[in-house]
Asks: 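Submitted below is the structure of interest, expressed as structure tokens.
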Amino acid sequence: MKIVVIGLGYIGLPTAIVLAKARHQVVGVDVNRRIVNRLNNLEIKSEEPFLKEGFDEVANSGNFIAKTDVELADAFIITVPTPNKKDMLRSCDLTHVIEAVRSVLPYLQSGNTVIIESTVGPKTTEHEIVPLIESTGLKVGTDIHLLHCPERVLPGKIMYELIHNDRIIGGVTPACSEAGMALYRTFVKGKLIPTNASTAELSKLMENTFRDVNIGLANELVKIGNELEIDALEVIKLANHHPRVNIHQPGPGVGGHCLAVDPHFVIAAAPITAKLISEARTINQRMPAYILSKVEEIMTNIDGKKIVVFGLTYKGNVDDTRESPAMDIYFELQRAGKYQIVAYDPHVDLNFVEREMQIALENADLLLILTDHSEFQYVDTSNMRNKVIFDTKSIVQRVSDEAQLLNLGNIFKIANEKVRN
Ligand code: SAJ
């Protein structure tokens, strides 16, 4: 089959690669000429495991080529970003999806399949995309098979999960679902589950919303534990021994391009009704401010001058800083101008980030850990002035005896002045 994949980002490129590995003729299209040139020159820079190997294989086999323009094909898969709009409800910004669909229209032929993989608000495919496609005179369901097939891969495991995860195949009509099933069957080993497009859209959104709400519960529990002087982390550990309980982990907030974005699409679609989802968002969005207030208490307590921030990415062991609460906290500390602030993150290549862990720690009074990179499991605090660690992700496994380790479970101890003066 000849397949055009539009949007060569963190989902589009891996998808194009697995399709080409399944012996489809794949044309990857991106509006950014630099990305296209880089790919055609076999230059690829990513921490994503097995991405480069897969790319080299398909580029050399001739099954993949990158272009800036769409061309005739059997199927078109759209994997462009859908950020939040800057409106009150932070609804779904469809600009790139609409542009991508419009770019396909001149090349559409009867018998083609069009798949939206980008995460979109509920009913988008039916209400926004069907009319666009049908503006060409072709009819969805008979001439064109149109679907929403959400991606659901975990950064860091994308190449594996693209093939092994179950997929929701949301056709606008049952015939559309059948066409989608036939395409995904060529490379997916997980189950393919047919449904309609609107159900597929809301299912995807609720997967990430489930996690966001559950993390919100854990973050609220941290505040309750702090108030009652009970270790919330221990509570979560014990409660999760129940076979049907799985409270998620608290942290400095929820980041990334999925959990921090998608729940707003549900809220925007049903603003009066989506109360719990909205409250959880608020709780998670306020976590950076909560962490900053605790940092302030610690620094006052120890009369500290220098803070080292470990970790700027939105989660551990990735190089992605999008929507990262760690970045917000770092910049807020800088903006406040009260302390000397140094950032260290071995995964982030930005000019203000210190490259050497021990130089960053020199004479520091507080080590503030905001991301659970594996590199932070063992920290040598001997260079610090005040050896106080505030580990908001519970990543530290071992520290030297004289260091004081605070986390979201025992942070209430600073109010009791149990942190060494
Ligand atoms: N986080 C917590 N506590 C937790 C789990 C996560 O605070 O217990 C935070 C992380 O630190 C991070 C944010 O939540 O800031 C999101 O991390 P994540 O690992 O839950 O999710 P993403 O955004 O990297 O990827 C998610 C994945 N969803 C799940 O793991 C259920 C992925 O499968 C989705 O396909 C992806 O979103 C997406 O594209 O929608």
Side-chain angles (χ1 to χ4, degrees), residues 7 9-12 14-15 47-48 79-84 92 117-121 148-168 190 200-222 232-233 236-237 239-240 245-266 280-281 283-288 290-291 310-329 345 347 369-374 376 391-395 407-408:
Y10 95 108
I11 292 296
T15 302
E47 278 198 11
E48 187 60 39
T79 51
V80 292
T82 45
N84 293 114
C92 178
E117 282 205 8
S118 308
T119 306
V120 293
H148 177 62
C149 300
E151 53 80 15
R152 33 151 77 142
V153 289
L154 192 69
K157 280 177 90 176
I158 293 179
M159 298 308 281
Y160 177 87
E161 291 204 353
L162 265 181
I163 294 188
H164 292 92
N165 285 358
D166 297 346
R167 293 292 294 244
I168 301 173
E201 289 160 348
L202 192 54
S203 305
K204 160 71 189 182
L205 295 171
M206 288 312 291
E207 289 168 15
N208 286 337
T209 299
F210 166 83
R211 284 176 71 73
D212 194 47
V213 171
N214 202 326
I215 297 165
L217 184 65
N219 284 334
E220 185 167 88
L221 177 55
V222 162
L233 297 180
I236 293 172
K237 207 191 285 168
N240 284 352
V245 172
N246 176 24
I247 304 178
H248 287 14
Q249 293 305 309
V254 169
H257 31 83
C258 308
L259 269 65
V261 175
D262 299 356
H264 292 286
F265 299 176
V266 182
R281 273 283 69 229
I283 291 170
N284 291 334
Q285 281 165 338
R286 289 191 182 150
M287 277 316 278
Y290 185 74
I291 299 296
F310 268 27
L312 293 171
T313 58
Y314 83 93
K315 69 173 186 177
N317 301 325
V318 299
D319 55 6
D320 192 340
T321 54
R322 281 178 293 175
E323 311 279 335
S324 170
M327 278 291 213
D328 293 345
I329 292 171
D345 189 318
H347 297 262
I369 301 184
L370 298 175
T371 305
D372 43 355
H373 292 317
S374 315
F376 303 158
D391 178 6
T392 66
K393 293 297 290 183
S394 301
I395 179 69
N407 57 36
L408 290 178

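Every number for a ligand or one of its atoms is a count from 1 in the order of the listing.
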Asks: For the residue pair H164 and Y160, categorise the inter-ring angle as parallel (less than 30°), tilted (30 to 60°) or perpendicular (more than 60°).
Replies: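 Judged by the thresholds at 30° and 60°, the geometry between H164 and Y160 is parallel.
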Asks: Under 3.5 Å, side chain of N317 to main-chain N/O of S374, donor-acceptor pair present?
Replies: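 Checking the backbone N and O of S374 against the side chain of N317, a donor-acceptor pair under 3.5 Å is found.
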Asks: Can you pull out the closest protein heavy atom to atom 19 (O) of ligand 1? Residue, atom name and distance to 0.1 Å, please.
Replies: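 For atom 19 (O) of ligand 1, the nearest protein heavy atom is K315 NZ, 2.9 Å.
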Asks: Using heavy-atom distances, let me know which of I236, V254, I215 sits nearest atom 1 (N) of ligand 1.
Replies: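 Looking at heavy atoms only, I215 sits closest to atom 1 (N) of ligand 1.
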Asks: When you measure from atom 27 (C) of ligand 1 to every protein heavy atom, which one gives the shortest distance, and what is it?
Replies: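 Here the nearest protein heavy atom works out to L154 CD1, 3.7 Å.
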Asks: Tell me: protein heavy atom nearest atom 28 (N) of ligand 1, and distance?
Replies: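 Protein heavy atom at minimum distance: N208 OD1, 3.6 Å.
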Asks: I'd like to check H248 versus L217 (side-chain heavy atoms, cut-off strictly below 4.5 Å). Are they in contact?
Replies: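 In short, these two side chains do not touch, never coming nearer than 4.5 Å.
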Asks: Just by modelled atom types, is the I247 backbone N or O under 3.5 Å from a matching donor or acceptor in the N240 side chain?
Replies: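 Checked: pair present.
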Asks: Mind checking the CD1-CG spacing from I291 to L370? Nearest 0.5 Å is all I need.
Replies: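 Between atom CD1 of I291 and atom CG of L370 there are 7.5 Å.
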Asks: Would you say that K204 contacts F265 through its side chain, given a criterion of any heavy-atom pair below 4.5 Å between the two side chains?
Replies: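 No, every pair of side-chain atoms sits at 4.5 Å or beyond.
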Asks: Tell me whether the centres of the aromatic rings in Y314 and H257 are closer together than 6.0 Å.
Replies: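 Judged by ring-centre distance (under 6.0 Å), Y314 and H257 do meet the cut-off.
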Asks: Minimum heavy-atom separation for C258 to N208, with atom names?
Replies: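 Shortest heavy-atom separation between C258 and N208 comes out as CB-ND2, 3.4 Å.
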Asks: Taking only heavy atoms of K204 into account, list the atoms of ligand 1 that are under 4.0 Å away from them.
Replies: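 The list of qualifying atoms is 35 (O), 38 (C), 39 (O), 40 (O).
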Asks: Under the 3.5 angstrom rule, does the side chain of N219 hit a backbone N or O of G251 as a donor-acceptor pair?
Replies: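 The answer is yes, because a donor-acceptor pair under 3.5 Å joins these two groups.
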Asks: Is it true that a side-chain atom of T321 and a backbone atom of T313 form a donor plus acceptor pair closer than 3.5 Å?
Replies: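 Pair absent, no side-chain N/O of T321 close to backbone of T313.
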Asks: Is any N or O atom of C258, backbone or side chain, closer than 3.5 Å to an N or O atom of ligand 1?
Replies: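 By distance alone, the answer is no.
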Asks: Geometry only, no angles: is R211 polar-contacting ligand 1 at N/O separations under 3.5 Å?
Replies: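 R211 vs ligand 1: N/O contact under 3.5 Å present.
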Asks: Test of understanding: given a 4.0 Å heavy-atom threshold, classify the contact between E207 and ligand 1 as side chain, backbone, both, or neither.
Replies: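 For E207, no heavy atom sits under 4.0 Å from ligand 1.
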Asks: Under a 4.0 angstrom heavy-atom cut-off, which atoms of ligand 1 come close to V153?
Replies: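 The atoms of ligand 1 under 4.0 Å from a heavy atom of V153 are 32 (C), 33 (O), 34 (C), 35 (O), 36 (C).
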Asks: Should you measure from each heavy atom of R152, which atoms of ligand 1 turn up under 4.0 Å away?
Replies: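 Every atom of ligand 1 under 4.0 Å from some heavy atom of R152: 33 (O), 35 (O).
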Asks: Between Y10 and ligand 1, which residue portion shows a heavy-atom distance shorter than 4.0 Å: side chain, backbone, both, or neither?
Replies: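 Near ligand 1, Y10 shows its side chain, while the N, CA, C and O stay back.
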Asks: Heavy-atom contacts with P155 under 4.0 Å: which atoms of ligand 1 show up? List them by number with element.
Replies: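 In order of number, 24 (O), 25 (O).
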Asks: Once rounded to the nearest 0.5 Å, what's the spacing between atom CG of N246 and atom CG of N214?
Replies: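 N246 CG to N214 CG: 6.0 Å, rounded to 0.5 Å.
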Asks: Evaluating non-hydrogen atoms only, which member of E151, Q249, E161 is closest to atom 4 (C) of ligand 1?
Replies: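 Shortest heavy-atom distance from atom 4 (C) of ligand 1: Q249.
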Asks: Nearest to atom 21 (O) of ligand 1, what protein heavy atom do you find, and at what distance?
Replies: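 Ranked first by proximity to atom 21 (O) of ligand 1 is L259 CD1, 3.7 Å.
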Asks: Can you tell which part of K393 has a heavy atom less than 4.0 Å from ligand 1: side chain, backbone, both or neither?
Replies: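 Just the side chain.
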Asks: Looking at atom 13 (C) of ligand 1, what's its closest protein heavy atom, distance included?
Replies: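 In this structure, atom 13 (C) of ligand 1 has G255 O, 3.5 Å as its nearest protein heavy atom.
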Asks: Give the residue and atom name of whichever protein heavy atom lies nearest to atom 24 (O) of ligand 1, and the separation in Å to one decimal.
Replies: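 Nearest neighbour among protein heavy atoms for atom 24 (O) of ligand 1, to 0.1 Å: Y314 OH, 2.6 Å.
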